[in-house]
**Q** 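Let me give you the structure first, and then I'll get to my questions.
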2 protein chains.
Amino acid sequence: MPSPRLLLVEDDLSLAELLQYRFEAEGYRVISTPDGDEALLLAEEQAPDLVILDWMVEGTSGIEICRRLRRGKGTAHVPIVMLTARDAEEDRIRGLETGADDYLTKPFSPRELIARVGAVLRRVRPALAGEMLEVGDIRLDATSHRATRRGQSLQLGPTEFRLLKFFMEHPGRVFSRVQLLDAVWGTGSDIELRTVDVHIRRLRKGLTIENSTDPVRTVRSAGYAFEAV
Amino acid sequence: MPSPRLLLVEDDLSLAELLQYRFEAEGYRVISTPDGDEALLLAEEQAPDLVILDWMVEGTSGIEICRRLRRGKGTAHVPIVMLTARDAEEDRIRGLETGADDYLTKPFSPRELIARVGAVLRRVRPALAGEMLEVGDIRLDATSHRATRRGQSLQLGPTEFRLLKFFMEHPGRVFSRVQLLDAVWGTGSDIELRTVDVHIRRLRKGLTIENSTDPVRTVRSAGYAFEAV
DNA sequence: CGCAATTGTCATAAGGCGGTAACGTTGCGC
DNA sequence: GCGCAACGTTACCGCCTTATGACAATTGCG
């Protein structure tokens, strides 16, 4: 199972260290910063799987970071868990309405934070939590690195597998070639856009079994989408 | 936008009534039961979009319901928000690890519950939480790049789709050809004004299904407007 | 090292889509 | 009812987007 990558934004250094230690013990990789502005940069560059965000940090406030992450192109869908020292209901609601996925009040136990992060990730990125993805008659098990269709095992190259996994994590949504390159090949990969077409074709070929329809929909001038048939 | 359907499992009847009232005021449809076993049946039959579950209810306990929902074929992916009177950390963690998506301790404010339910739904079913345009019997989902009318999917070219999207973002307003060119084709596009007519025609054609009226209104010497029928 | 699998790129084919012009139709003032 | 102006409709052609197959470079592995 791939270890999920967290971005931890917390200016209380002893707490940050403790959390980093605990999360790493749970098999997460942790990027940590006490600074709000740097957090935005890191979120963009590193594309973490989840952000843990203190309400009050240096530089830019937590809620402002939350808003900017949601507005940012590459970070709009990163799940966010907010932490705060204040137990004001207003704050909690504002946090959630700004787009946070969960919200904890200090003092909290690391175990609960870990449980909540796990719950959010299970929901958003099932593959990261070791769960089986299922869309239509296609199944993908990230842990054993296997994909099947109607029980029949599919033969896919590494890139096709990653592409399929990404699609199955976001069924129905249309992704541009650039988005696919960022998500599947990695941000900043200097790859020809048209290469995506080729891999889409290879994926389609790999997904074909007897009497099967094509789950990959071409959306002209927009990109591709994956959906149950 | 179709209103999300909630299954509320709560045996404190006055609280259940209050919550039902508040959620309905927010545009949700609510199915309510105080009984654990009945909840399982309802979840299966009604396929709600989200379940709000009290930890301690009659019949079968909340955590057991949670577990069974997760195991059930049709209900394995229903998001679950748990409520509990006890603020024991152990319970919260067990709840989250059992598969709940969120967890609230009584007493809580209805507003916070509503905010959390909204956050979970946004995450799980983006289509239920906006991002979906709806005018009359026509729906447009930008995320999946789909347009439907009375459930029937519409076939539109890229430009028609952009045009429809723009219209649906500003229903009822009249736009001149120049305005439409700027908005849909982009400012500075050097396109013949009358070309708009042709695309209006193509859009009208694409929006036609059996017994449908034309949602595009021609305003002589002014432009076009889009409105519910 | 040799072989097979994989991957990124390109050239070419296929096809849809868009812009334009030309012509038909409708509405409006007189 | 006439004439003009605005709008509707159609057909066409060129272009842009996508599909596909081939190929060389690279990688992994025995």
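Chain letters run A, B, ... following the sequence lines, proteins first and then strands; every chain starts at 1.
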**Q** Chain A on DNA chain C: first and last contacting nucleotide, 5' to 3', under 4.0 Å to a heavy atom?
**A** C/dT6 to C/dC17

**Q** For side-chain hydrogen bond (donor to acceptor under 3.5 Å, both in side chains), just list the numbers for B/Arg204 and B/Thr218, CA-CA rounded to whole Å, side-chain angles, deciding distance to a tenth of an Å, and then say yes or no.
**A** CA-CA 11 Å; B/Arg204 279 175 166 150; B/Thr218 302; 2.7 Å; yes

**Q** Do the charged groups of B/Arg116 and B/Glu112 touch, with an N to O distance under 4.0 Å?
**A** yes

**Q** Counting only side-chain N and O atoms of A/Tyr224, is one of them less than 4.0 Å from OP1 or OP2 of D/dT17?
**A** no

**Q** Give a yes or no on this: more than 12 heavy atoms of other residues, nucleotides or ligands lie within 6.0 Å of atom CZ of B/Arg150.
**A** yes

**Q** May I have all residue pairs that pass salt bridge (charged side-chain N to carboxylate O under 4.0 Å, His left out) and include part of residues 41-50 of chain A, sequence neighbours excluded?
**A** A/Asp49-A/Arg125

**Q** Distance check needed: D/dC16 C1' versus B/Ile191 CD1, whole Å only.
**A** 13 Å

**Q** For a quick check of understanding: with a heavy-atom distance under 4.0 Å over all strands, which category does B/Val219 fall into, base, sugar-phosphate or nothing?
**A** sugar-phosphate

**Q** Pick base, sugar-phosphate or nothing for B/Gln155, based on heavy-atom distances below 4.0 Å to the nucleic acid.
**A** nothing

**Q** Over how many whole Å does the gap from A/Arg204 atom CZ to D/dA19 atom C1' extend?
**A** 8 Å

**Q** What does A/Thr195 touch in the nucleic acid at a heavy-atom separation under 4.0 angstrom: a base, only the sugar-phosphate, or nothing?
**A** base

**Q** So, for B/Pro48 and B/Val78, which heavy atoms are closest and what is the spacing to 0.1 Å?
**A** O-CG1, 4.0 Å

**Q** Once you round it to whole Å, what is the distance between C1' of D/dG8 and CZ of B/Arg217?
**A** 18 Å

**Q** For the base of D/dG8, is there a side-chain donor-acceptor partner from B/Arg194 under 3.5 Å away?
**A** yes

**Q** When you measure from the side-chain N and O atoms of B/Arg177 to the phosphate of D/dC7, is any distance below 4.0 Å, counting only OP1 and OP2?
**A** yes

**Q** For a quick test of reading the model: is some side-chain N or O of B/Ser221 closer than 4.0 Å to OP1 or OP2 of D/dA5?
**A** no

**Q** Five pairs per end, C1' atoms only: what is the angle between the end axes of the helix from C/dC1-D/dG30 to C/dC30-D/dG1, to 10 degrees?
**A** 30°

**Q** Could you check whether any side-chain heavy atom of B/Arg149 comes within less than 4.5 Å of a side-chain heavy atom of B/Pro215, counting everything from C-beta outward?
**A** yes

**Q** May I ask you to say whether A/Arg68 pairs ionically with A/Glu64, meaning some side-chain N is under 4.0 Å from a carboxylate O?
**A** yes

**Q** Decide yes or no for A/Arg194 and A/Arg177: does some side-chain heavy atom of the first lie under 4.5 Å from some side-chain heavy atom of the second?
**A** yes

**Q** Indicate yes or no: does A/Arg70 engage A/Asp101 in a salt bridge with an N to O separation below 4.0 Å.
**A** yes

